[in-house]
Amino acid sequence: MERAIVLIPALNPLPAIVHFVEKLNTLAIEKIIVINDGSEKKYDAIFEQLLAEGCVVLTHEKNCGKGRALKTGMDYIIKSALRCKGVLTVGAHGQHSVLDIEQVLASTKIFSDGIVLGIRDFKGSDYPLITQLQNRASSMLFELFFQKRLLDTQTGLRYIPIEFLPWLLKVKGESFRYDTNMLVEAIKRKISLYEVPIGHAKLRKNSIIYYDEITNHKQVLQQIWVNYFNKDKKQDETFSKRKRK
């Protein structure tokens with residue numbers, strides 16, 4: 001199993017994250033980097049415990065968004081002396097189990113040339129019918145616009161080869177939009193996207209889950225549409241320039 005660096009963007013994490021990190025440390029992982037994305041001061045003790053567990057903790061003085069937090073972690077890896085085959089992005093609020101992470105890491109023995117996505121099962125009983133239908137609509141719209149079928153465009157569990165980090169730093173999006181934009185840019189670059197099934201994520205009716213993996217599919221659909229519209233706009237601009245020449 002290839003060693004990887006784990007990136008965990010965290011906003012007001014629960015104490016359970018410490019136990020989660022303890023379990024991660026038993027896997028073939030090079031380093032765990034936690035990005036404190038402007039959490040409230042009362043969570044400082046949790047980040048101190050993570051430091052004691054050997055994590056690198058990077059801190060934003062104010063909340064900048066999940067996308068910016070991931071970029072902060074990627075930039076740190078590029079500039080540091082850390083060496084690894086790839087980076088694994090993981091949620092901070094218990095939606096990914098250690099078994100899920102092991103499954104994704106094991107798959108990189110085969111899928112080493114692209115981005116590996118841990119795909120959630122939206123058909124599980126944790127998800128109401130409306131959520132299942134909305135996820136299906138997001139998947140269909142993404143396939144229609146970008147000719148790539150993906151069952152879960154918003155999963156936060158992703159394995160990214162280390163050589164992709166420089167261009168990923170340039171992908172737009174400071175919040176959850178970064179997740180979608182990353183996939184669109186990978187398709188433009190003809191980079192393979194692999195899907196690996198993972199366990200059921202717990203659906204939580206609070207604001208925390210919206211930071212890690214957006215569950216408001218209306219926003220997801222809007223972002224897919226924006227990406228497609230911008231693609232067509234750029235093509236029109238390129239065509240106009242060629243005509244003027």
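Throughout, residue positions are numbered sequentially from 1 according to the sequence presented.
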Can you tell me how far the [atom1] atom of [X] sits from the [atom2] atom of [Y], to the nearest 0.5 Å?
| X | Y | atom1 | atom2 | answer |
| --- | --- | --- | --- | --- |
| Cys55 | Lys31 | SG | NZ | 8.0 Å |
| Lys85 | Ile5 | NZ | CD1 | 12.5 Å |
| Glu53 | Ile32 | CD | CD1 | 8.5 Å |
| Ile33 | Met74 | CD1 | CE | 10.5 Å |
| Leu24 | Ile8 | CG | CD1 | 6.0 Å |
| Phe146 | Lys188 | CZ | NZ | 7.0 Å |

Heavy-atom closest contact ([X] atom, [Y] atom, distance):
| X | Y | result |
| --- | --- | --- |
| Asn181 | Lys172 | ND2-O, 2.8 Å |
| Leu151 | Glu195 | N-OE2, 2.7 Å |
| Leu105 | Ala4 | CD2-CB, 3.9 Å |
| Gly118 | Thr155 | O-OG1, 2.5 Å |

Partners meeting ring pair (Phe, Tyr, Trp, His ring centres under 6.0 Å) with Tyr43 (sequence neighbours left out): none
Residue pairs involving residues 69-79 (criterion side-chain hydrogen bond (donor to acceptor under 3.5 Å, both in side chains); sequence neighbours excluded): His60-Thr72, Lys71-Glu174, Asp75-Lys79
